[in-house]
Amino acid sequence: MSMSESSASGYIPEEDYYKGLNTPPKKNEVVVELDPSLTTEEDYDPEANIREDLQRALKPRHINMISIAGVIGTGLYLSTAKSLYQGGPASLFMNYTIMGGVVYLTLLCLGEMSTYMPISGSFCSYAKKFGSESFACALMWNYWFNDAVSVASDMTALQLVMDYWDTEASGFPYWAASLLFWFLVVLLNVIHVRFYGEAEYWLAMLKVIAIIIFFILSIVVNVGHNPQHEYIGFKNWNHGEAPFVDGFKGFASLFVSASFAYGGTESITLTNGEAANPLRNTPKIVKTVFWRILVFYVGSTFFIAMNIPYDYPGLDTKSVVTSPFTLVFQMAGTKAAGSFMNAVIMTSVISACNHALFAGSRVMYNMGLEGFLPKKIVSRTNRYKVPYVSVLITSSIGLLCFGASFIGAGTVWTWLQNIVGVSNQIAWLCIGITSIRFRKGLEKQGKTHELRYKNWTYPYGPYFLVIFVTFIILVQGWSAFDPWDVTNFFSYYLDLFVFPFCFIIWWLYKRDRFVKLEDMDFVTDRYIPTKEIIELNENLDHLKGWKRTRQWLNDYFV
């Protein structure tokens with residue numbers, strides 16, 4: 001198989017990686033410019049060019065399970081309720097499907113870059129390499145702010161989930177629960193990274209099992225096992241103002257909540273800096289994204305739209321958020337069934353908070369490496385090579401959840417949801433821009449053949465991503481203008497002021513420009529595999545029969 005043929009499927013086999021080193025180039029062929037010694041030195045360090053000093057202790061099963069369900073949490077379980085009320089069943093289903101396509105395009109762009117340079121800084125560090133310092137500074141502050149606020153939003157959401165049992169009436173205050181779980185999450189992130197990976201593995205497994213049960217019960221409820229003992233079908237799509245409630249304004253308002261629900265998907269690549277064998281694992285992560293979006297997000301909204309009417313009591317309230325997942329469990333069983341699903345949602349909120357803290361701390365760690373913050377402080381690691389200072393600083397923002405007890409958990413959570421949703425969109429937009437410049441730089445320097453994984457949608461996918469995300473950022477705040485609402489306006493557009501502010505401040509300090517294509521650095525932070533790693537991956541890719549099945553079980557479960 002030729003390199004051009006093999007690259008069509010996205011993954012380039014190992015035997016083609018060094019092709020052209022010792023043979024004359026064919027006509028119109030670009031030769032891979034690598035050091036020939038790398039093909040013979042068995043003790044070559046693949047981390048030699050990487051500035052980070054983190055522990056690669058996350059096993060394939062950790063990475064794969066986190067990529068499948070690790071970031072499913074608060075948004076999907078809670079924000080779908082208000083989204084259904086605001087836009088109706090068709091708007092909910094279509095919006096999540098469209099945003100799922102946006103996220104998939106984002107991960108294809110990111111998978112290509114992060115396979116080439118598997119570092120914990122991921123797209124934030126790439127923004128400096130293939131953009132400019134000011135661009136990277138704005139993106140890093142934006143994304144760190146995103147993750148820090150996500151910690152607060154998840155802790156606030158925890159109060160909404162616990163309100164299902166009315167625990168405060170029994171004398172157990174919400175702030176105490178938030179404090180306990182905040183302490184647990186911080187503990188998981190300051191000790192060895194494998195404890196974080198192990199916790200996320202089992203929490204993700206629980207989410208997968210719970211959503212599968214939800215699908216089964218949704219079918220049971222829809223065919224007649226519900227309080228009304230009648231077949232539901234698509235009746236809720238013709239109920240009242242459904243399927244589209246409030247027209248295009250209602251549809252557009254769901255973009256931000258869908259972005260909040262999908263948020264964190266791109267941060268999966270932040271684990272690359274601590275993942276074993278990243279050249280094999282990163283493409284596997286990208287391949288699972290499409291099916292995860294289709295099954296968990298699109299599938300869930302499909303069943304929610306079928307079984308829950310948009311005007312169901314409690315969906316629009318800001319004091320207590322009723323999860324559609326819990327409602328379906330209640331409809332299929334009893335209060336106990338609803339309590340089970342609510343307990344799953346609670347663990348999912350903790351999982352989402354855990355991942356947000358992990359991602360935020362790694363971004364801050366890289367802000368130190370890039371010179372945007374004092375390296376000796378924020379990039380300091382403990383004996384387990386965990387950036388504990390960044391973890392503690394980022395986690396301190398989570399203490400904002402205590403303020404929710406006095407302001408109103410529902411109101412604060414809605415604000416935080418909008419801020420995080422817009423921040424996610426800005427990150428996806430920046431990833432698209434960075435991806436375009438990354439590929440142009442490789443083409444300019446004749447290094448496109450060095451890619452281990454190719455974005456099969458290039459160049460159309462990244463350009464569409466940039467244009468479409470810009471469009472939805474501008475239109476999703478429609479409801480704030482008609483009628484005019486100052487509070488809603490700032491909740492939708494506050495982050496649009498934060499990003500350019502950070503960009504301008506650093507630009508005034510540095511007066512930098514976007515790096516020229518011919519000057520892009522494709523050496524620093526690049527992971528170059530040894531012959532042993534290449535042979536290992538070749539053997540794993542060519543396993544058949546029971547050996548292949550056993551390896552699959554090892555990658556995902558053992």
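Fair warning: this is a prediction, and the values are worked out from it, not measured in the lab.
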For the student: nearest non-hydrogen atoms of Tyr493 and Ile473, plus distance: CE2-O, 3.3 Å
Side-chain donor-acceptor contact under 3.5 Å, His239 with Asp311: yes
Gln86 and its side-chain contact (heavy atoms from CB on, under 4.5 Å) partner, picked from Asp246, Leu92, Val245, Leu254: Leu254
Spacing of Ile393 atom CD1 and Tyr365 atom OH [to the nearest 0.5 Å]: 14.0 Å
Any donor-acceptor N/O pair, Asn238 side chain to Ala242 backbone, under 3.5 Å: no
Side-chain H-bond candidate by donor/acceptor type, Ser83 with Ser257, under 3.5 Å: yes
Min side-chain heavy-atom separation Phe499-Trp141 under 4.5 Å: no
Student check: side-chain heavy atoms of Met99 and Ile472 closer than 4.5 Å: yes
Test ring-ring contact (aromatic ring centres under 6.0 Å, His included) applied to Phe303 and Phe215, Phe325, Tyr297, the passing residue: Phe215
Sub-6.0 Å ring centroid separation between Tyr460 and Phe464: no
Plane angle bin for Phe255 and Phe251 - parallel if under 30°, tilted between 30 and 60°, otherwise perpendicular: perpendicular
Nearest-0.5 Å distance, CH2 of residue Trp202 to OG of residue Ser351: 14.0 Å
Minimum side-chain heavy-atom gap Leu315-Leu84 below 4.5 Å: yes
Pair Asn307-Asn236, side-chain donor/acceptor within less than 3.5 Å: no
Side-chain (Thr347) to main-chain (Val344) donor-acceptor, under 3.5 angstrom: yes
Straight-line distance of Leu107 CG to Trp428 CH2, nearest 0.5 Å: 10.0 Å
Neighbour count >12 (heavy atoms, 6.0 Å) for atom CZ, Phe244: yes
Tyr126 side chain vs Met117 backbone, donor-acceptor pair below 3.5 Å: yes
Note, Ser218 side chain near Asn222 side chain (heavy atom, < 4.5 Å): no
Side chain to side chain, Val349 and Cys353, heavy atoms closer than 4.5 Å: no
Taking every non-hydrogen atom, the tightest pair across Asn146 and Ser423: CB-OG, 3.0 Å
Trace of the side-chain contact (heavy atoms from CB on, under 4.5 Å) decision for Lys235 with Met306: CA-CA 8 Å; Lys235 291 180 181 179; Met306 284 183 65; over 6 Å; no
Taking every non-hydrogen atom, the tightest pair across Ser323 and Ile345: OG-CD1, 3.3 Å
Gap between atom SG of Cys109 and atom CZ of Arg439 - 0.5 Å precision: 9.5 Å
side-chain contact (heavy atoms from CB on, under 4.5 Å), paired with Gln417, selected from Ser79, Ser150, Ser259: Ser79
Distance (rounded to the nearest 0.5 Å) between Asn226 CG and Gln330 CD: 13.5 Å
Non-hydrogen atoms of Ile431 and Thr106 that approach each other most closely: CD1-CG2, 3.7 Å
Heavy-atom check, side chain of Ser300 versus side chain of Thr80, under 4.5 Å: no
Main-chain N/O of Phe93 paired with Thr301 side-chain donor or acceptor, under 3.5 Å: no
Tyr143 and Phe123 aromatic centres sub-6.0 Å: yes
Ring-face cation of Arg437 near Phe130 (centre distance under 6.0 Å, axis angle within 45°): no
Any Asp154 side-chain heavy atom under 4.5 Å of Leu158 side chain: no
Phe501-Phe497 aromatic ring centre distance below 6.0 Å: no
Minimum-distance pair of heavy atoms, taken over all atoms of His355 and Glu200: CB-OE1, 4.1 Å
Audit row: Ser122, Ser114, side chain to side chain donor-acceptor pair (under 3.5 Å) steps and yes/no: CA-CA 6 Å; Ser122 189; Ser114 58; 5.4 Å; no
Rounded distance [0.5 Å steps], CE in Met162 versus CE in Met346: 6.5 Å
Side chain Trp237, main chain Pro89, donor-acceptor under 3.5 Å: no
The single option from Trp506, Phe514, Phe503 passing ring-ring contact (aromatic ring centres under 6.0 Å, His included) against Phe135: Phe514
Residue pair Asn455 / Pro462, side-chain heavy-atom distance below 4.5 Å: yes
